[in-house]
Structure formats: C-alpha cells, structure tokens
Amino acid sequence: MKLSAVAIVAGAAVVNAVYPGDIVQYWVDQSGNLVNGTIIGGLASPPSAWYGAVVQGAIYEAAVTSRRESLAFQQLAVSHAAHNAILWAFHGTRIYNAADAAIRAVIPAIGLDPTSTAGRDAVRRGQAAARKVANARADDGIANFVDYTYAAANPGIYQQTPGSNPVPDTPQARFIATFSGLGDITRFRASPPPGSLNSTARTAFDTQTAYFWRESSINAWNRLATSIIGDSLAARVLDSAKFYAQLNYALANAGIAAWDNKFFYNTWRPVTAIQRPGVWLSTGRDVSDSAWTPLLRPTPSHQDYPSTHSTFGGAAAAVIRAYNRGSDVINATLSSTVTLDNVGVITRTFTNLTEASLQNAASRVFGGIHFTFAGSAGIALGDAVARETLRLFDAHWEEF
Ligand SMILES: *[C@@H]1O[C@H](CO)[C@@H](O)[C@H](O)[C@H]1NC(C)=O
Ligand SMILES: *[C@@H]1O[C@H](CO)[C@@H](O)[C@H](O)[C@H]1NC(C)=O
Ligand SMILES: *[C@@H]1O[C@H](CO)[C@@H](O)[C@H](O)[C@H]1NC(C)=O
Ligand SMILES: CC(=O)N[C@H]1CO[C@H](CO)[C@@H](O)[C@@H]1O
C-alpha cells in the first residue's frame with residue numbers, strides 16, 4: 001500500500017536523520033543566548049570572550065577526536081562538549097535548565113541514539129573534550145581577586161563614571177592565561193593615547209550606528225561570522241569547529257590585551273573629562289558641562305583606552321579575513337535588537353570587513369563613551385592579537 005510505504009520511509013528518515021544545520025553554529029547561537037540577558041543578565045567584556053573561547057575550545061577538541069566518525073557522531077560529541085563546557089563555566093547559576101534544554105532540543109535532530117554503542121562513545125568523547133578544557137583552564141586566573149584603587153582625579157586619569165560600578169570591572173582580567181599559547185600580553189601595549197578631546201557631533205545614521213553595535217561584541221561578531229559562512233560548513237564539523245575556535249580564542253585574547261592596556265594607561269572616560277569643572281585643556285578652550293550625558297549610558301565601568309569593543313571588532317575582522325583567504329569583501333547582513341531607549345531591531349548589510357570594524361569602533365564615539373583614539377588603537381590591537389593567535393593556533397590550540 002502506497003500510504004504505509006510512505007510512512008515507513010518517513011519513519012526511517014527520522015531515525016537516520018542528520019542534523020541539517022551547522023552544529024557548531026547551533027552552539028555558538030545557544031551559548032550566546034545563554035549569556036546575553038535573560039538567563040544570567042550579561043557578562044563583562046573579558047569574561048564573555050573567555051567563556052566563548054572555553055566553549056569553542058571544547059567543541060574543537062571534540063571535533064578533532066571524532067573527525068573519523070559519522071557526521072551524526074561528530075554532532076553528538078560536539079553537543080556534549082558544548083553542554084558540559086557551558087555548565088563548567090557557569091555551574092551554580094540558573095543556566096542549568098537552559099543548557100539542558102538546548103541539548104535536549106538538538107539530540108533528536110542529530111539522529112544518533114545516545115544510548116546506542118556509537119552514541120555512548122560520542123557522548124563520552126564530547127564529555128572528555130569538555131573535561132580536558134576544564135582541567136587546562138582550572139587555574140587560569142579568571143577567578144582571582146585583584147584589587148583596584150583610584151588615582152587622584154587629575155585630567156586624563158580614570159574616575160568612576162555616573163551610574164557605573166564602584167570599582168572598574170574585572171581587574172583580574174588582564175592576568176588571565178591567554179589562549180593558544182599567546183603568552184605575555186603586555187607586548188601588545190598600544191602607544192600612549194593623545195590628550196585632546198574630539199568632536200562627537202552626530203548625524204542620524206551615526207546615532208543609529210551607536211545603537212546598532214551596542215550589544216555584546218562576542219555575540220555580534222559571532223553572528224556576523226555566521227552570516228558570512230552560512231551553511232557552507234554544515235557537513236564539515238571539524239572545519240566549522242576550527243573556525244569558531246579561532247574566532248573565539250582571538251576574541252578572548254583581545255579582551256585580555258584590552259584589559260592589560262586599560263589598567264596600564266588608566267585613562268578617563270569622556271563623561272569625566274567633559275563634566276570636569278573649569279578650563280583644563282592646554283588650548284584654553286572651555287569644554288566643561290556638568291550636565292553632559294552620553295547617548296550610551298551608563299558609561300561602562302572601566303577605563304577608556306583602548307576600547308574593548310573596537311579591539312574585539314579588529315580581532316574578529318582579522319580572523320574572518322583569514323578565513324576569506326585574505327579578502328576584505330563580504331556580503332553579510334546583521335540584525336541587532338536594541339533594548340536601550342526602546343530602539344528595537346536595526347538591520348545593516350556590510351560589503352567589507354574594514355567598514356564593519358570601523359563602524360563598530362565609531363559607534364562608541366557616537367555613543368559618547370570613548371574617545372576616537374581609543375577606537376583606532378583598539379582596532380589595531382585586536383588585529384595584532386588575532387594575527388598572532390592564528391599564527392600560533394595549529395601548534396598550540398590544545399593548550400586552550
Ligand atoms: C542573544 O544572542 C543570541 C545569539 O547571538 C541572539 O540570537 C539573540 O537575538 C540575542 N538576544 C538579545 C536580546 O539580544
Ligand atoms: C548578497 O546577499 C544577498 C542575500 O543573500 C543577495 O540577494 C545579494 O545578491 C548578494 N549581493 C552580492 C553583491 O553578492
Ligand atoms: C566598504 O563599505 C562601505 C560601506 O558600505 C563603502 O562605502 C565602501 O566603499 C566599501 N569599501 C570597499 C573597498 O568596498
Ligand atoms: C575636532 C576634531 O578634533 N576632530 C578630529 C576627530 O578625530 C578624527 C579622526 O582622528 C580627525 O580626523 C578629526 O579632525
């Protein structure tokens with residue numbers, strides 16, 4: 001009978017189905033969802049990048065150790081690696097249910113029964129990958145207490161900004177062990193910042209730019225990468241895992257390097273400079289305005305120079321460019337949901353990586369939270385850190 005034949009074929013297809021999308025992108029997206037708001041309320045910059053690198057390191061390890069297995073096996077191993085790495089990074093938080101739901105949702109689509117012999121092997125392989133990363137990262141410095149004391153409130157020196165935390169965020173972040181053997185982060189120190197103020201006059205497009213790039217850079221640049229890669233690597237788990245591991249290692253190293261620079265130069269934010277009473281510019285110009293408020297508020301709770309947002313963008317652009325065989329040309333569309341001022345969803349299309357990275361840096365100047373030179377220095381810093389991370393990756397990725 002025709003009907004039952006169809007039913008049998010359909011049934012068999014379900015049992016043997018292979019998850020049709022890119023499993024690495026699935027977990028990039030899931031881990032982004034887990035940290036950008038509803039579940040744990042967002043993360044400070046370097047920890048958000050550290051977390052992405054830990055998860056992608058575990059995924060890549062699982063992809064490498066299961067590279068000779070079936071696609072479904074690789075997908076199941078990668079999923080368990082991602083799940084366990086996420087929970088290792090966040091145990092003790094409300095993330096458990098969400099991480100369990102994320103893996104429960106994808107297992108049927110992978111189509112390899114986790115209780116079969118091969119399935120159990122895949123689960124073990126994934127869990128072992130996450131354990132390896134956890135062991136390598138057990139004492140990497142992210143959990144250490146490092147104190148901070150404000151220096152005297154002289155021009156140029158960082159001070160607490162309105163609405164910010166009492167002490168700059170994560171002072172320990174500049175000491176976190178780098179990924180992929182990057183080593184001494186202080187060799188990426190930028191030249192000292194110039195001292196003058198820059199204009200922040202904005203067009204409507206510039207204002208939208210400030211809002212558009214406001215979200216977590218880790219999420220935005222992972223999504224931009226996914227928009228470029230699409231489903232081209234869906235059947236090549238190892239290649240996908242390698243790309244996202246490189247991207248997220250570079251982002252994590254960029255965050256550590258930005259923090260090293262921030263705490264070394266310890267420079268003030270625009271709001272501190274503009275609200276400072278009296279004339280203090282060497283030109284004699286009076287820029288003082290005690291009521292001045294930036295568009296993006298509150299100003300993040302850490303020093304101005306360099307902009308971590310710009311550092312992340314410079315690093316991500318460099319990794320995507322390398323994947324693009326050195327070409328700057330892309331055709332990518334990115335949507336951003338902006339909660340601040342109820343702006344809503346903004347969608348932009350980018351034809352080149354340089355433009356995306358420059359716009360990302362400029363967004364912080366238009367937002368009134370960074371000086372222009374903090375953005376330029378950030379892009380250069382991120383680019384240098386990412387290139388070195390890529391150079392070291394093949395030989396050192398397994399140091400995580
Ligand atoms: C959180 O991040 C995920 C993954 O990048 C994204 O799909 C989602 O739209 C983001 N949510 C918000 C509220 O920005
Ligand atoms: C860019 O991608 C969009 C959507 O996939 C497509 O419609 C458009 O033709 C592409 N543009 C170029 C220049 O390739
Ligand atoms: C890069 O993108 C911007 C904005 O879309 C465009 O103005 C510029 O011409 C592009 N540059 C190149 C080299 O394609
Ligand atoms: C008024 C002012 O200082 N504008 C400068 C802002 O920064 C850009 C980029 O460095 C310069 O081109 C402007 O002259």
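The first residue of the sequence shown is numbered 1, and numbering continues consecutively from there. Read the numbers this way: they start at 1 and go in the same order the structure lists the ligands and their atoms.
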Phe90 ring center near Tyr96 ring center (under 6.0 Å): no

Around atom 3 (C) of ligand 2, find the nearest protein heavy atom and jot down its residue, atom name and distance. Asn331 ND2, 3.6 Å

What residues join Tyr148 in its hydrophobic cluster, counting side-chain heavy atom gaps under 4.5 Å, either direct or through other members? Tyr150, Tyr158, Val167, Trp259, Phe263

So is there a nitrogen or oxygen of Glu355 less than 3.5 Å from a nitrogen or oxygen in ligand 3? no

Would you say atom 13 (C) of ligand 2 touches the protein, meaning some protein heavy atom is under 4.0 Å from it? no

With the threshold set strictly below 4.0 angstrom, can you tell me whether any protein non-hydrogen atom sits that near atom 9 (O) of ligand 3? no

heavy-atom search around atom 11 (N) of ligand 3 in the protein gives Asn352 ND2, 2.9 Å

Between Asp239 and Arg67 (salt bridge meaning N to carboxylate O under 4.0 Å), is one present in this structure? no

Quick one: do the Gln246 and Tyr60 side chains pair a donor with an acceptor below 3.5 Å? no

Answer yes if a protein heavy atom lies under 4.0 Å from atom 5 (O) of ligand 2, otherwise answer no. no

Thr351: numbered ligand 3 atoms lying under 4.0 Å from its heavy atoms: 1 (C), 2 (O), 5 (O)

Ring-ring centroid check Tyr249 Phe393, cutoff 6.0 Å: yes

Test your reading of the model: is there a side-chain donor-acceptor pair from Thr65 to the backbone of Ala62, 3.5 Å cut-off? yes

